[in-house]
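Single-structure report; data block below.
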Amino acid sequence: MERYNIKNVEKKWQDIWSKKKTYAAVLNNKKKKFYCLEMFPYPSGKIHMGHVRNYTIGDVLARYKILRGFNVLHPMGWDSFGLPAENAARENNLHPKDWTKKNIDTMKKQLKLLGLALDWDREISTCDPEYYKHQQEFFLELFKKKLVYKKDTYVNWDPAEQTVLANEQVIDGKGWRSGVAVERKKLSQWFFNIKKFSQNLLDELQKLENWPDKVKLMQKNWIGKSYGCEINFQIDKEKKLNKIKVFTTRPDTIFGASFIALSVDHPIAKKFEKNNNFISFKTECSKMGTTEEALANAEKIGFNTGLFALHPLDKKIKLPIFIANFVLMDYGTGAIFGCPAHDQRDLDFANKYNLKVLPVVKPKNIDTTKFVIKNEAFTEDGILFNSNFLNGLTVNEAIKKIIKVIIKKNLGTRKITYRLKDWGVSRQRYWGCPIPIVYNKKGDAIPVKKKDLPVLLPDNVDLKVTANPLDKHPTWKFTKLSTGEKVIRETDTLDTFVDSSWYFVRFCSSKYKKYGYKLADIKYWMPVDQYIGGVEHAILHLLYSRFFMRALAYNNKKFNYIEPFKSLFTQGMVCHETYKNEENQWLYPEEIEKNSDGNLITKKDKKRVVIGASEAMSKSRKNIVDPEEMINIYGADSIRWFMLSDSPPERDVQWSLEGVSAAFKFIQKLWKLNNEILDKKDSPIKSGDVTLEKAVNKTVYNVTKNLDNFQYNVVIANMHEIYNLLYDHVINNKTSNKTLKKQWEKITMLLMPLAPHLAHECCEKINKRYYWPKHDSKLLKDENCTIVIQVDGRKRGILEIPTNSKEIMIIKKSREIANVSKHIENTTIIKNIYIKNKLLNFITKK
RNA sequence: GCCCUCGUGGUGAAAUUGGUAGACACAAAGGACUUAAAAUCCUUGCCCAUUUGGGAGUGCCAGUUCGAGUCUGGCCGAGGGCACCA
């Protein structure tokens with residue numbers, strides 16, 4: 001028997017695919033397209049199991065769609081700008097460019113070992129000037145459209161990486177990469193005006209039917225729409241100061257207002273900049289820590305301005321104006337009215353400064369006199385009281401009424417506010433896309449001319465300096481305009497999330513030099529039909545990409561692809577047990593072995609190993625397995641097979657050697673079966689022919705259905721099942737050879753997306769034509785069916801009977817089953833419940 | 001604190017959407033082949049009963065229903081998102 005030589009076979013097919021450019025996508029308007037995309041990797045060194053899973057899932061889909069007759073675009077590229085390249089450069093004295101190139105070469109080689117059906121001709125790399133020059137052009141377009149602007153803001157400053165972070169890059173108050181506590185710092189920064197599209201991003205989100213609800217909800221919460229109104233408060237005796245505009249979602253509680261609180265950065269606060277008490281208050285605020293959590297839990301403190309605001313509905317009521325640490329300048333108007341009885345923060349604040357607490361909403365069915373607010377604000381629905389013309393209304397009714405009154409009396413307006421903030425894109429780093437802007441002596445920002453793009457990164461750069469290496473470069477930033485005027489370049493580079501916000505567009509025309517995309521190309525290929533990646537990008541990357549498409553489409557009728565990803569699938573992580581030695585140090589899986597008692601010990605000194613929880617593979621926990629090594633031992637098909645078999649793709653999967661080894665054995669079994677079938681000599685028609693034909697037909701049906709639903713683990717189970725049947729038929733000669741070969745051919749086709757090397761190799765000897773088998777719905781119907789017989793809902797027997805038999809017949813036969821008759825003896829049957837071809841239930845009365 | 005998702009054997013999981021719970025695998029135990037091991041194959045898998053059978057059973061407690069893993073309400077547990085958002 002010919003042994004299945006994994007290495008030779010897999011290499012053979014990879015070479016064929018590569019040489020023949022089998023998976024190169026060509027635009028063909030006559031063919032229906034399918035754009036299949038997995039999130040492109042950051043070239044960090046080697047591929048990890050997470051990549052293997054992500055790209056295997058995508059590859060199954062791509063190969064399946066090819067067989068279904070689609071013109072498939074399945075490209076790959078590199079998200080190659082970013083900080084690790086600079087860190088690595090400093091550590092290894094290797095230029096980021098060279099480090100990145102080396103990693104790309106390694107990872108590309110590794111990806112090829114997986115046998116992915118990728119169009120490598122379209123490969124792109126975001127650090128390539130051929131890529132980022134188009135990005136710079138887009139930046140200039142956005143600048144022209146006023147979708148990008150510069151402003152002074154507090155930014156999240158990562159002291160370890162000496163750079164600014166986006167809000168989304170701050171996790172639990174720490175830098176997402178460095179893990180160091182983030183500081184607040186005021187800097188002049190470039191922003192993309194994503195806020196402008198808040199409502200559209202929200203509206204279109206609801207229409208994305210093939211996105212996970214979880215992701216849609218996360219984006220919805222992130223955008224954070226709230227309905228309310230703005231109310232103007234006049235300041236008592238101070239005619240020079242403007243009215244204070246306050247945003248609230250609870251205007252119904254206006255009669256319970258007892259103070260006004262302003263943000264430290266509110267314009268009115270500037271009046272107190274020279275006040276020593278205010279200065280010390282401000283320093284106290286800044287001392288309170290900068291992490292989100294610390295801010296949220298910090299004590300509420302305020303600075304009493306001594307000013308008073310007039311209650312808009314009752315000028316006799318004067319509300320003290322405070323500057324408070326818990327009011328944010330970048331949400332709403334940077335000012336609130338405090339209603340302590342119905343807002344916990346306001347109550348905490350009021351209790352501290354002995355301010356009035358007047359309840360105006362009480363729970364239904366509670367007497368006004370018995371309703372007291374002490375330390376807990378009442379925030380639920382109820383009935384208004386103490387509120388003049390709002391008395392007796394529910395919260396919702398009161399909100400409607402008070403807004404009408406406010407508008408009528410010209411005291412304010414209805415208002416919708418979003419939590420979403422503009423996207424800060426400036427990074428004080430070297431290894432990123434240069435921002436194509438220069439500054440004259442006055443400090444005006446002047447866009448670089450299109451013909452002067454790309455603004456290239458300098459190669460000779462000193463990365464040992466802290467702060468921005470571009471800024472410290474001796475000559476790079478000094479340049480001239482065409483008029484000869486001396487100007488200075490912008491030394492910030494773009495956030496790498498900008499790079500990944502349009503790469504899927506570039507794939508459509510990756511070789512096109514004139515512009516970032518060619519209209520004919522995107523008209524055909526966009527949008528991405530299926531996008532696959534980790535759920536960790538649910539907000540950042542996916543929202544930015546949606547924004548970027550809107551920015552490109554803004555004032556541009558030719559580009560109308562505002563939703564880049566028609567369907568989204570978020571796959572789970574790859575987990576592995578964790579191991580520690582007795583000194584509490586992490587151990588790599590290859591550092592341990594089993595002793596004769598079945599316990600785990602270290603290979604080196606045979607000491608006890610402590611097994612920890614299974615967690616997502618990570619270098620820091622050392623619970624990682626090298627994909628290349630695994631491919632060397634088991635082959636790509638086995639690794640792919642295992643990745644699909646053990647868990648549904650959207651859930652986490654447990655890496656296990658037993659699992660991979662089982663997959664390996666199964667691949668070998670399939671090969672053996674293939675040879676046994678091919679070696680068979682002719683034989684007459686046998687009784688098993690129909691059985692096998694029907695079973696394969698059902699498998700075709702099930703596999704197709706399950707592939708369409710991303711139930712790849714069930715697909716694998718389907719394949720096991722049909723193998724078990726085929727094996728039985730081969731070993732026991734139950735089927736004629738003609739039928740056997742014909743049915744096996746279909747199975748090899750089903751194997752194509754799952755184990756492509758093996759499937760191609762099997763197929764080569766049967767039939768070189770590739771196709772996706774169609775099921776015959778007539779064959780799906782079985783002649784016989786199994787009916788469950790219940791008595792009072794309990795299973796008492798089963799009945800094998802021709803499909804669609806008459807109910808009377810089934811009842812008659814059921815009664816003949818000994819165990820059934822035993823249970824209906826001496827009872828009266830009230831009724832039968834019959835579910836066609838499935839179940840019969842006798843309901844009795846004793 | 002608010003919002004969301006998920007709880008099925010020793011393990012990963014299936015379950016035609018309200019109709020035989022545990023398909024398909026992994027692990028374990030026993031057996032067959034073998035001098036032996038590996039590989040391969042078979043059997044078993046909660047409780048009671050010698051078998052035909054009977055009972056319990058999908059985190060817990062109720063409910064709807066002839067019938068609930070699936071629907072409803074409450075509770076417990078795990079994971080995730082947001083968090084001075086006015």
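Values below: all heavy atoms of this structure, side chains included; hydrogens, waters and symmetry mates excluded. Residue numbers start from 1 in every chain, and the chains themselves are labelled A, B, ... in the order their sequence lines are given, proteins ahead of strands.
- Look at OH on Tyr331(A): it is 9 Å from P on rC85(B), rounded to the nearest Å.
- Using a 90° window around 0 for the glycosidic torsion, rG73(B) falls outside it and is classed as anti.
- Counted by atom type alone, Thr844(A) and Asp792(A) present one or more donor-acceptor pairs between their side chains at under 3.5 Å.
- The separation between Ile223(A) atom CD1 and rG81(B) atom P is 18 Å, rounded to whole Å.
- The pairing partner recorded for rA49(B) is none, the criterion being a Watson-Crick or G-U wobble arrangement whose two distances lie under 3.5 angstrom.
- The CG atom of Asp728(A) sits 11.0 Å away from atom OH of Tyr723(A), with the distance rounded to the nearest 0.5 Å.
- Side-chain contact annotation: Asp646(A) with Asn713(A), donor-acceptor N/O pair under 3.5 Å absent.
- For rA27(B) and rU44(B), the C1' atoms lie 14 Å apart once the distance is rounded to whole Å.
- Distance Leu839(A) CG to rA68(B) C1': 14 Å, rounded to the nearest Å.
- Taking the C1' atom of each, rU64(B) and rA78(B) are spaced 29 Å apart, rounded to whole Å.
- Closest to the Glu658(A) side chain, of the nucleotides rA27(B), rA25(B), rA86(B), is rA27(B).
- Among the nucleotides rC3(B), rC85(B), rG19(B), the one closest to any side-chain atom of Leu217(A) is rC3(B).
- Between Phe349(A) and Tyr353(A), the angle of the ring planes lies from 30° to 60°, which puts this pair in the tilted group.
- Comparing atom distances between the Trp222(A) side chain and each of rC24(B), rG53(B), rC82(B) picks out rC82(B) as nearest.
- If you check rG53(B), rC84(B), rA86(B) against the side chain of Lys822(A), the one that comes closest is rG53(B).
- The side chain of His823(A) lies closest to rG54(B) when the candidates are rA86(B), rG54(B), rC41(B).
- Atom P of rU11(B) sits at a distance of 16 Å from the matching atom of rU58(B), rounded to the whole Å.
- Summarising the base pairing, rG73(B) is matched to rC61(B) through a Watson-Crick or G-U wobble pair whose two defining distances lie under 3.5 Å.
- Pairing of rA32(B), defined by two Watson-Crick or G-U wobble distances under 3.5 Å, is identified with rU40(B).
- Side-chain contact annotation: Thr786(A) with Glu800(A), donor-acceptor N/O pair under 3.5 Å present.
- Taking 4.0 angstrom as the limit, Asn713(A) places a side-chain polar atom (N or O) nearer than this to OP1 or OP2 of rA14(B).
- In the set rG53(B), rC26(B), rG19(B), the nucleotide with an atom closest to the side chain of Ala662(A) is rC26(B).
- For the P atoms, the distance linking rA68(B) with rC85(B) amounts to 46 Å, nearest Å.
- When only modelled atom types and interatomic distance are considered, Gln206(A) and Lys220(A) share no side-chain donor-acceptor pair under 3.5 Å.
- Comparing Val327(A) and Pro648(A), the nucleotide of RNA chain B nearest to each residue sits closer to the 5' end for Pro648(A).
- The side chain of Arg651(A) approaches rA13(B) more closely than any other nucleotide in the set rA13(B), rG19(B), rG55(B).
- A residue-by-residue look at Leu328(A) and Asp646(A) shows that Asp646(A) has its nearest nucleotide of RNA chain B further toward the 5' end.
- Here the separation of rU72(B) from rG19(B), taken at their P atoms, is 15 Å to the nearest Å.
- Comparing rU40(B), rA56(B), rA13(B) by their nearest atom to the side chain of Arg794(A) picks out rA56(B).
- Among rA23(B), rU16(B), rU20(B), the nucleotide with an atom closest to any side-chain atom of Thr786(A) is rU20(B).
- For rC4(B), its base never sits under 3.5 Å from the side chain of Lys214(A) at any donor and acceptor pair.
- With both pairing distances under 3.5 Å, rA78(B) is matched to rU5(B) as a Watson-Crick or G-U wobble pair.
- The closest side-chain donor-acceptor pair between Glu676(A) and Tyr727(A), if any, does not fall under 3.5 angstrom.
- Distance Leu420(A) CG to rC82(B) P: 13 Å, rounded to the nearest Å.
- With both ends at atom P, the span from rC6(B) to rA21(B) equals 24 Å, rounded to whole Å.
- Only the C1' atoms considered, rC42(B) is 24 Å distant from rU50(B), to the nearest whole Å.
- When the P atom is compared between rG45(B) and rA36(B), the two are found 29 Å apart, to the nearest whole Å.
- Considering only side-chain N and O atoms, Asn724(A) lies nowhere under 4.0 angstrom from the phosphate OP1 or OP2 of rA23(B).
- For rU17(B), the base is syn relative to its sugar; the glycosidic angle is within 90° of 0.
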